[in-house]
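Some notes on the structure that comes next.
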Amino acid sequence: MIKLGIAIQDYPHPQDHQEPREEQALGSTPSLELNDSTPAPVAKPQEQHHMQDAKRRIMLKAIGIELAETMIIPDVLPPKFEPEFNISMKFNDIPVEMGQLLTINDTKSEPTVEFDTQAGQIFTLAIVDPDSPSSGHHGYRSYRHFLISNLDMSENSTSTVITAYQGPNPEFGTGTHRYALVVLKQQGRYNLTEADVPESRVRFDVVDWGKKRKMKPVAASYFVVKRHHVSEIS
């Protein structure tokens, strides 16, 4: 299930965490002491907005760094990719952190994905495995596990499943597989069908596929799965 919404971040109040001024850090000015009758300084709404924006930029930069460090950039996403918003996911109603190691059984069912973005936009979501058939040999890069388009927040709108969800099922001995969630921004609602993707799920370049349809990647995350035993349930 895909959910689009504006995630409300629990940002700390300015008085709960204040960065020291440069002068205070250098010890050139005394600290301000407040007694019980002195009201604590409260940031104006505009200042709070700036603080939220700053924290959001830091978060998105950290996401980009992790995607690069784990080679999602450039194995799936272009080298200059920068996320525009955060996405979160759950499997079986259990939150999953970015990069979390999951089991085959954990990921059998389609995840719930939420986008931290504004209304009025339309997206496509793909889940791909760039480590197919193995982390040491990616001749099938990337394997398409899921592709759904026309995701928006309009009432009575319907999304279009182009490729039905198929849970990860890496072979024993093929190492740890990365599963990238890639969000593409559409220019409008598209009439896409199964005919718009190759019949085979292997060697699917989601960014190139989207580019040909005037879509661009705007957000991403990933999780990892490894088969630990030959007989592991799948």
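All values derive from a computational prediction rather than experimental measurement.
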For this session: Under the salt bridge (Lys or Arg N to Asp or Glu O under 4.0 Å) rule, collect the residues that match up with Arg203, sequence neighbours excluded.
Result: none

In Å, rounded to the nearest 0.5 Å, how long is the span from [atom1] of [X] to [atom2] of [Y]?
X      : Y      : atom1 : atom2 : result
Leu60  : Asp116 : CG    : CG    : 8.0 Å
Asp131 : Ser142 : CG    : OG    : 8.0 Å
His228 : Lys226 : NE2   : NZ    : 6.5 Å
Gln187 : Lys185 : CD    : NZ    : 9.0 Å
Ile72  : Ser221 : CD1   : OG    : 9.0 Å

Quick one: side chains of residues 89-102, donor-acceptor pairs under 3.5 Å with protein atoms, not counting sequence neighbours, listed by atom name and distance.
from: Asn92; atom 1: ND2; to: Asp106; atom 2: O; distance (Å): 3.3
from: Gln100; atom 1: OE1; to: Glu97; atom 2: N; distance (Å): 2.8

Below 4.5 Å, heavy atoms only, C-beta onward: do [X] and [Y] meet side chain to side chain?
X      : Y      : value
Val197 : Leu147 : yes
Tyr179 : Tyr222 : no
Glu110 : Ile127 : no
Asp152 : Arg189 : yes
Val183 : Thr124 : no

Exercise. Given Val225 and Ile104, is the side-chain contact (heavy atoms from CB on, under 4.5 Å) satisfied, shown in steps?
Worked result: CA-CA 7 Å; Val225 175; Ile104 294 172; 3.9 Å; yes

For this session: Check the pair Met215 / Val206 against side-chain contact (heavy atoms from CB on, under 4.5 Å), numbers first and verdict last.
Result: CA-CA 10 Å; Met215 305 183 199; Val206 61; over 6 Å; no

Problem set entry | Shortest non-hydrogen contact between Gly210 and Leu184, atoms and distance |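 Reported closest heavy-atom pair: CA-CD1, 4.0 Å.
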
Seminar exercise, completed: What one should report as the nearest heavy-atom pair of Ile63 and Ala220 is CG2-O, 4.0 Å

Exercise. Take atom CG in Asn191; do more than 12 heavy atoms of anything else shown fall under 6.0 Å from it?
Worked result: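 For Asn191, atom CG is not crowded (no more than 12 foreign heavy atoms under 6.0 Å).
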
Exercise. Judged by atom type as modelled, is there a donor-acceptor pair below 3.5 Å linking the side chain of Ser135 to the main-chain atoms of Thr174?
Worked result: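 It does hold such a pair.
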
Problem set entry | Side-chain (Arg213) to main-chain (Leu192) donor-acceptor, under 3.5 angstrom |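 Pair absent, no side-chain N/O of Arg213 close to backbone of Leu192.
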
Exercise. Are Phe123 and Phe115 close enough, and set up right, to give a ring-ring contact (aromatic ring centres under 6.0 Å, His included), and what steps lead you there?
Worked result: CA-CA 10 Å; Phe123 303 100; Phe115 300 171; 5.5 Å; yes

Under 3.5 Å, is there a donor-acceptor pair between the [X] and [Y] side chains?
X      : Y      : result
Arg56  : Asn86  : no
Glu171 : Ser134 : no
Thr70  : Glu66  : no
His177 : Asp129 : yes

Anything under 3.5 Å between a donor and an acceptor, one on a side chain of residues 159-166, the other on a protein residue two or more places apart or in another chain? List them.
from: Thr160; atom 1: OG1; to: Asn150; atom 2: ND2; distance (Å): 3.1
from: Thr163; atom 1: OG1; to: Arg144; atom 2: NE; distance (Å): 2.8
from: Tyr165; atom 1: OH; to: Thr107; atom 2: O; distance (Å): 2.6
from: Gln166; atom 1: OE1; to: Tyr143; atom 2: OH; distance (Å): 2.7

Side-chain donor/acceptor pairs under 3.5 Å, residues 73-85, sequence neighbours excluded:
from: Asp75; atom 1: OD1; to: Arg141; atom 2: NH1; distance (Å): 3.4
from: Asp75; atom 1: OD2; to: Arg178; atom 2: NH1; distance (Å): 3.1
from: Asp75; atom 1: OD2; to: Arg178; atom 2: NH2; distance (Å): 2.9
from: Glu84; atom 1: OE2; to: Lys216; atom 2: NZ; distance (Å): 3.1

Problem set entry | hydrophobic_cluster_shared for Tyr140 and Val224, side chain cutoff 4.5 Å | no

For this session: Go through the structure and list residues passing side chain to side chain contact (heavy atoms under 4.5 Å, CB included) with Lys211, not counting sequence neighbours.
Result: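 Partners of Lys211 under the side chain to side chain contact (heavy atoms under 4.5 Å, CB included) test: none.
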
Seminar exercise, completed: side-chain hydrogen bond (donor to acceptor under 3.5 Å, both in side chains) filter on Glu194, not counting sequence neighbours, yields none

